[in-house]
Amino acid sequence: FCNKTADFDLDQLDQILANLKTYWPTIDGQQKLGYFWKHEWLKHGTCAASLEELDNELKYFTRGLAWREQYLMSNILGNAGIHPDSNSTVIALQRAIVETLGKNPSIHCIYDTKRDMSYLEEIRICFTKQFELTDCDGVLPGDAVPIVYPGGTVITNCHISKPIHYPSNVPPTIRRQEKKWKFPVVNTFKLIQLIMWFTL
């Protein structure tokens, strides 16, 4: 949120809209078109806009889509034998990325208390202002912390020694369903039974 007066113009993204819908979607499916991109632009893009290469919405999102293709995590993890719907460790994830990119990422999990399971939420890679990959060691957003283990340091909020599930897709969202009036058959039947009991 580096520019508090900035606005978001979805029309600027017309030429990449199809790619954004495919590769940068709003995964909860409940927000109107552009809501998530607006958040991304106002929170992160307005800071990146200090660089000429990212100083408008089209440049910012085009660069994001290009990096997504260039650093496709599913390919990087797959090459290390880590595939969707499998369990791994944060150290194995980190090593796979460092072996491919040569830089230390920041790995984030979400924990499901009902299932007692950690899920891979996101993998963050870091860049200099010259758009070169760099270690994320100095960037500790949110609750990620550096954890030293024999052979390296991993930046994560994941449990270091418990398995992490790498999901193949986002779990189905609970969509708000339109409330429809339903005739309360069971309650009406119970009421009739109660009235009959009193009248006997």
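What you see below is based on every heavy atom in this structure, not just the backbone, and it leaves out hydrogens, waters and symmetry mates.
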Colleague: So, the side chain of Asp55 versus the backbone of Leu51: is there a donor-acceptor pair under 3.5 Å, distance only?
Modeller: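 Judged by distance alone, no pair lies under 3.5 Å.
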
Colleague: Do you see a donor-acceptor pair shorter than 3.5 Å between the side chains of His44 and Thr46?
Modeller: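 Side-chain D/A pair, His44 to Thr46: absent.
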
Colleague: Would you please name every residue forming a ring-ring contact (aromatic ring centres under 6.0 Å, His included) with Tyr23, sequence neighbours left out?
Modeller: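 Once residues adjacent in sequence are excluded, Tyr23 has no partner under the ring-ring contact (aromatic ring centres under 6.0 Å, His included) criterion.
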
Colleague: Determine the minimum heavy-atom distance between Leu120 and Pro167, stating which atoms define it.
Modeller: O-CD, 3.9 Å

Colleague: To check you understand the geometry: which heavy-atom pair defines the closest contact between Phe1 and His39, and what is its length?
Modeller: CZ-CE1, 4.3 Å

Colleague: Are Trp37 and Phe8, when compared by the centres of their aromatic rings, separated by less than 6.0 Å?
Modeller: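 No, the ring centres sit 6.0 Å or more apart.
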
Colleague: When you measure from the side chain of Asn3 to the backbone of Cys47, do you find a donor-acceptor pair of N or O atoms at a distance under 3.5 Å?
Modeller: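 No, Asn3 side chain to Cys47 backbone: no donor-acceptor pair under 3.5 Å.
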
Colleague: Determine whether the side chains of Gln94 and Tyr149 contain a donor N or O and an acceptor N or O closer than 3.5 Å.
Modeller: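 Checked: Gln94/Tyr149 side chains pair up, N/O donor to acceptor below 3.5 Å.
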
Colleague: Applying salt bridge (Lys or Arg N to Asp or Glu O under 4.0 Å), run through Lys38 and Glu40 and close with a yes or a no.
Modeller: CA-CA 5 Å; Lys38 177 180 180 179; Glu40 293 294 288; over 6 Å; no

Colleague: So which heavy atom on Ile82 is nearest to which on Ala96, and how close?
Modeller: CD1-CB, 4.2 Å

Colleague: Looking at every non-hydrogen atom in both residues, tell me the closest pair between Val154 and Val90 and how far apart they are.
Modeller: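 Taking Val154 first and Val90 second, the nearest heavy atoms are CG2-CG2, 3.9 Å.
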
Colleague: State, to 0.1 Å, how close Ala48 and Leu54 come at their nearest heavy-atom pair, and which atoms those are.
Modeller: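 Where Ala48 meets Leu54 most closely, the heavy atoms are O-CB, 3.6 Å.
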
Colleague: Within the structure provided, determine whether Leu101 and Ile76 are in side-chain contact (heavy-atom separation under 4.5 Å).
Modeller: yes

Colleague: Could you tell me whether the side chain of Thr22 and the main chain of Asn19 form a donor-acceptor pair under 3.5 Å?
Modeller: no

Colleague: Any side-chain to backbone donor/acceptor pair from Glu69 onto Gly64? Under 3.5 Å, distance only.
Modeller: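 Looks like no, no N/O pair under 3.5 Å.
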
Colleague: Linking I/L/V/M/F/W/Y whenever their side-chain heavy atoms sit closer than 4.5 Å, directly or via other members, would Val98 and Ile164 fall into one cluster?
Modeller: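 No, it is not one cluster - the side chains of Val98 and Ile164 are not joined through contacts under 4.5 Å.
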
Colleague: Between Tyr166 and Ser74, is the side-chain contact (heavy atoms from CB on, under 4.5 Å) condition met? List the steps.
Modeller: CA-CA 10 Å; Tyr166 171 19; Ser74 57; 3.6 Å; yes

Colleague: Can you measure from CG (Asn104) to CD1 (Ile107) and round to the nearest 0.5 angstrom?
Modeller: 7.5 Å

Colleague: Just by modelled atom types, is the Glu132 backbone N or O under 3.5 Å from a matching donor or acceptor in the Thr128 side chain?
Modeller: yes

Colleague: Considering all heavy atoms of both residues, which atom of Lys103 and which atom of Ile97 are nearest to each other, and what is their separation?
Modeller: O-CG2, 4.2 Å

Colleague: Distance from Lys21 atom NZ to Leu13 atom CG, nearest 0.5 Å?
Modeller: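 It is 11.5 Å, given to the nearest 0.5 Å.
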
Colleague: Nearest 0.5 angstrom please: Glu53 CD to Gln130 CD, how far?
Modeller: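 Between Glu53 CD and Gln130 CD, I get 9.0 Å after rounding to 0.5 Å.
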
Colleague: Using a 4.5 Å cut-off on heavy atoms from C-beta on, say whether the side chain of Asn157 contacts that of Cys109.
Modeller: yes

Colleague: Do any N or O atoms from the side chain of Asp112 and from the backbone of Lys114 form a donor-acceptor pair under 3.5 angstrom?
Modeller: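 Between the backbone of Lys114 and the side chain of Asp112 there is a qualifying donor-acceptor contact (under 3.5 Å).
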
Colleague: Heavy atoms, side chains only, cut-off 4.5 Å: are Tyr71 and Leu133 in contact?
Modeller: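 Yes, at least one pair of side-chain atoms sits under 4.5 Å.
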
Colleague: Decide whether a cation-pi geometry holds between Arg63 and Phe127; the criteria are a distance under 6.0 Å from NZ or CZ to the six-membered ring centre and an angle within 45° of the ring axis.
Modeller: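 Ring-cation test returns no.
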
Colleague: If you round to the nearest 0.5 Å, how far is OG of Ser88 from CG of Leu93?
Modeller: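 Taking CG in Leu93 and OG in Ser88, the distance rounds to 4.0 Å.
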
Colleague: Determine, for Lys59 against Glu57, whether the closest basic-nitrogen to carboxylate-oxygen distance falls under 4.0 angstrom.
Modeller: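 Looking at Lys59 and Glu57, the cut-off is not met.
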
Colleague: Got a donor-acceptor contact below 3.5 angstrom from the Ser168 side chain to the Asp85 backbone?
Modeller: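 No, Ser168 side chain to Asp85 backbone: no donor-acceptor pair under 3.5 Å.
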
Colleague: If two hydrophobic side chains count as joined below 4.5 Å and joins carry through other members, does Tyr60 share a cluster with Leu42?
Modeller: yes

Colleague: Hydrophobic clusters here meaning ILVMFWY residues chained together by side-chain heavy-atom distances under 4.5 Å, can you tell me if Ile91 and Met117 are in one?
Modeller: no

Colleague: Could you tell me the separation between the OG1 atom of Thr89 and the CD1 atom of Ile160, rounded to the nearest 0.5 Å?
Modeller: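 So the OG1 of Thr89 and the CD1 of Ile160 are separated by 7.5 Å.
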
Colleague: Output, in order, the C-alpha distance, side-chain angles, deciding distance and verdict of side-chain contact (heavy atoms from CB on, under 4.5 Å) for Asn79 and Thr100.
Modeller: CA-CA 9 Å; Asn79 290 338; Thr100 302; 5.5 Å; no

Colleague: Under 4.5 Å between side-chain heavy atoms, hopping through other hydrophobics if needed: is there a path connecting Tyr35 to Trp24?
Modeller: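 In one cluster with Tyr35: Trp24, no.
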
Colleague: Give a yes or no on this: more than 12 heavy atoms of other residues, nucleotides or ligands lie within 6.0 Å of atom CZ of Phe131.
Modeller: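 Count over threshold, so yes.
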
Colleague: Is any side-chain heavy atom of Ile123 closer than 4.5 Å to one of Leu77?
Modeller: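 They are in contact (side-chain heavy atoms under 4.5 Å apart), so the answer is yes.
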
Colleague: Out of curiosity, does Tyr111 fall in the hydrophobic cluster containing Val145 (side-chain heavy atoms, cut-off under 4.5 Å, transitive links)?
Modeller: no

Colleague: To the nearest 0.5 Å, how far apart are NZ in Lys4 and SG in Cys2?
Modeller: 8.0 Å

Colleague: Using side-chain heavy atoms (C-beta onward) and a distance below 4.5 Å, is Leu33 in contact with Leu10?
Modeller: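 Result yes, sub-4.5 Å side-chain heavy-atom pair found.
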
Colleague: In terms of relative ring orientation, are Phe61 and Trp41 parallel, tilted or perpendicular, with 30° and 60° separating the classes?
Modeller: tilted

